[in-house]
Amino acid sequence: MVSMKNNFQKFPSNYDSDVFTPLISKISALAGISYHAGDSDTDVAMRVIADHIRALTFSIGDGAIPSNEGRGYVLRRILRRAARWGRKLNFKEPFMFQLVATLVETMSDVFPEIKEHQTHIERVIKSEEESFNQTLDRGLDIFEHAVKELKQSKTFPGETAFKLYDTFGFPLDLTQLLCSERGLTVDVAAFTTLMEQQRERSRKADLYGGEENSGETKGKELARSLKSEQYEKDFQFTGYDDIEGKGKILDIEGNFLVLNSTPFYGEAGGQLGDTGEIIVEGKSFAVLDTQKSGKVNVHILDKPLPKKFLEKEAAAQVNSTRRSSIIRNHTATHLVHAALRKVLGTHVHQAGSLVAPNHLRFDFAHFQKVSEQEILEIENIVNEKIIEGIPLQHHRNIPFDEAKKMGAMMFFGDKYGERVNVVQFGEFSKEFCGGIHVNNTRDIGYFKIRTEGSSASGIRRIEALTYDYAKDYLTLQNKTYRERVEQAYDIIDAIQSLHGELSSSSPFSNEEILGLDSQLRKLEDIPDVPATIVTGELQNEFSAQHRRFQELENFILELTEKKKLIEKAKSKAALSSASSRLEAFIANAVDVNGISVIAQKVEAESMDSLKSLGDSLREKLSNGVGLLASIIDEKAALVCVVGDSVITEKNLQAGKIVGIVAKQLNGGGGGKPHLATAGGKDIAKLDEVLKNFPDTVKGFLL
């Protein structure tokens with residue numbers, strides 16, 4: 001097409017065609033470097049960047065996002081490689097995101113999605129550039145240092161290559177590229193060994209829950225590794241419709257039990273396994289967890305089951321209260337997924353989840369922090385769907401192609417069989433899912449996001465609550481509110497105390513200070529959470545609580561500012577009082593070989609105040625040495641000043657003098673010849689040190 005457009009004009013390379021020239025021209029303009037279609041480093045850099053920005057733009061426009069897994073990792077490597085080439089063009093700040101607009105101008109008629117998602121694409125690329133730029137320069141420094149250490153060797157250490165990857169995010173191919181430019185090769189074998197060791201450590205951490213062996217986690221892993229292929233044909237899961245049932249015991253391995261039919265859900269898709277009770281011939285065994293081994297559910301019992309029960313019938317009873325809490329949270333993850341895509345954009349997709357009885361955790365691909373306003377919007381959407389009471393449509397064991405035609409949400413990298421389950425709540429949410437869900441969204445009760453934060457680079461995490469746990473969270477938040485009220489009263493007490501000390505010097509009137517209590521009392525009372533409450537009411541309670549918190553925090557901010565002002569006034573008053581005493585200090589100075597020596601304890605709120613007082617003393621003490629001391633934060637603070645004539649004629653320096661004094665107080669310090677500061681821990685000796693200060697000065701004159 002490009003050749004037809006240009007009358008079949010021949011180009012030196014693809015990069016000189018109309019597909020690339022607008023991008024290269026833009027890169028050239030941003031860098032301030034001309035492009036000559038040659039083999040120079042700058043020409044190659046421009047071609048690489050032009051090629052890579054195309055790959056990034058089209059992929060992100062298609063819903064991909066840089067990450068540490070799958071195609072996301074490929075994108076991250078492409079971006080970081082381009083960023084490194086940007087250094088050849090002297091780009092130190094993010095620049096690639098500025099190229100997206102040029103690509104949109106030239107290609108959006110063929111690829112309209114890049115224009116539709118232009119802002120999102122630019123934000124994602126800029127965010128990645130900023131993140132990598134923070135480590136790129138440091139990583140390049142490490143690389144250069146390692147190259148210098150090679151001397152005659154032509155092999156770059158695999159250990160350093162691994163450090164660049166692990167600490168600075170340098171993909172191996174980027175290090176190899178840097179090395180090839182220097183005629184070096186990377187010790188890939190050593191790099192691979194270190195990578196395998198890291199994967200093994202990670203695997204063990206996942207398996208055993210960290211450095212310490214977790215018996216519970218190990219038990220889960222053993223249950224999942226149970227040989228169960230022979231039972232898959234006869235196994236039946238009945239938990240979608242029932243919470244109790246009967247099944248024949250097919251296998252017993254210690255405290256692991258396999259039934260041919262069970263209502264117990266095996267942990268999968270983020271949903272935790274069921275707990276409950278198994279009864280065999282009148283004997284009860286608690287089910288602590290349920291895991292999946294292949295297509296079979298394995299019950300983990302509280303104690304070993306005797307082998308004599310093989311082939312016997314067992315009654316299975318799921319803990320219904322726990323199950324109800326879990327499925328409420330599971331359905332909520334589907335609703336929040338749909339809400340996130342509606343509020344943040346269709347690039348959002350699930351990157352992990354945990355569905356537990358007391359909370360849900362949902363990880364999703366997104367490039368920046370979700371704002372407080374966006375959080376509220378997401379909550380409102382989910383709660384609207386809860387109030388609507390949308391019934392569950394559970395499409396079980398349907399052909400994969402049929403599920404795709406329904407428009408069920410699926411994502412790159414997920415593996416699906418020939419037949420799948422689709423969970424649908426109206427037209428709002430349709431997802432491939434093998435988990436258990438509520439029959440109606442109304443059963444969720446209420447949805448509240450507790451936290452939002454980063455889980456990994458490019459991945460955000462939401463933790464949320466539903467039903468009674470949301471009410472408990474409201475109660476807990478009210479307790480936090482009351483604690484903040486008590487803190488506000490403490491600040492008021494401090495302000496009133498300082499106001500009393502300052503009297504007429506206070507920056508506030510008596511009426512203003514006394515009125516603080518009544519202002520806080522208006523914010524103090526909060527209603528108790530009702531025992532019975534529905535979604536709409538709970539939503540109103542959280543909204544009211546949010547408003548109360550805002551009002552209280554604004555009032556506390558106001559109190560804090562008042563406290564700062566009155567503390568400043570007290571410091572100024574103390575300084576003024578001390579300054580008025582300087583003449584008396586000078587009048588009572590001790591004469592040491594014709595030099596006036598002063599050593600006095602004064603009140604000062606901070607070292608800055610003490611230094612200011614020292615400056616005032618020095619102005620009045622042209623032929624002398626002064627030492628002022630104060631107790632600040634339970635430590636001795638010292639300021640020493642020396643007059644100009646004493647510095648010139650006697651070679652006395654404040655820094656040296658105050659250093660000696662500080663040592664006597666188990667401290668240290670120093671400074672310039674005319675003024676120096678120090679501190680000391682042993683405040684019990686301060687009076688004695690001040691008393692002996694004239695002798696200390698005399699020691700410098702000998």
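Numbering starts at 1 and runs along the sequence shown.
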* To do: Name all residues meeting the side-chain hydrogen bond (donor to acceptor under 3.5 Å, both in side chains) criterion together with Thr441; count only those two or more places apart in sequence or in a different chain, and write none if there are none.
  => none
* Heavy-atom side-chain proximity of Phe132 to Arg76 below 4.5 angstrom -> no
* Asked: Got a sec, which residues hit side-chain contact (heavy atoms from CB on, under 4.5 Å) with Lys564, two or more places apart in sequence or on another chain?
  -> Thr560, Glu561
* Taking only residues two or more places apart in sequence, or in another chain, which ones meet Glu501 in a salt bridge (Lys or Arg N to Asp or Glu O under 4.0 Å)? -> Lys570
* Asked: Sequence neighbours excluded, which residues qualify as side-chain hydrogen bond (donor to acceptor under 3.5 Å, both in side chains) partners of Glu558?
  -> Lys562
* Pair His347 and His117, ring centroids less than 6.0 Å apart -> no
* Who pairs with Glu379 by salt bridge (Lys or Arg N to Asp or Glu O under 4.0 Å), at least two apart in sequence or on another chain? -> Lys448
* In chain order, what residues pass the side-chain contact (heavy atoms from CB on, under 4.5 Å) check against Asn440, with sequence neighbours excluded? -> Pro391, Arg442, Asp443
Anything under 3.5 Å between a donor and an acceptor, one on a side chain of residues 689-702, the other on a protein residue two or more places apart or in another chain? List them.
| residue | atom | partner | partner atom | Å |
| --- | --- | --- | --- | --- |
| Asn692 | ND2 | Glu688 | O | 3.3 |
| Thr696 | OG1 | Asn692 | O | 3.3 |

* Structure fact -> Sorted by chain and residue number, the side-chain contact (heavy atoms from CB on, under 4.5 Å) partners of Gln600 (sequence neighbours excluded) come out as Phe585, Ile598, Leu628
* Structure fact -> Residue set satisfying side-chain contact (heavy atoms from CB on, under 4.5 Å) with Arg123, at least two apart, ordered chain then number -> Thr119, Phe367, Gln368
* Over all heavy atoms of both residues, which pair between Val646 and Gly624 is shortest? Give the atoms and the distance, please. => CG2-N, 3.4 Å
* **ring pair (Phe, Tyr, Trp, His ring centres under 6.0 Å) assessment of Tyr469 paired with His359** => CA-CA 8 Å; Tyr469 291 100; His359 77 291; 9.0 Å; no
* **side-chain hydrogen bond (donor to acceptor under 3.5 Å, both in side chains) contacts touching residues 655-680 (sequence neighbours left out)** => none
* Structure fact -> Sorted by chain and residue number, the side-chain hydrogen bond (donor to acceptor under 3.5 Å, both in side chains) partners of Arg450 (sequence neighbours excluded) come out as Glu463
* What side-chain hydrogen bond (donor to acceptor under 3.5 Å, both in side chains) pairs are there with at least one residue in residues 629-652, not counting sequence neighbours? -> Arg618-Asp644, Asn623-Ser645
* To do: Answer yes if the side chains of Gln487 and Arg484 hold a donor-acceptor pair under 3.5 Å, and no otherwise.
  => yes
* Structure fact -> Residues Leu520 and Phe555: closest non-hydrogen pair is CB-CE2, 3.8 Å
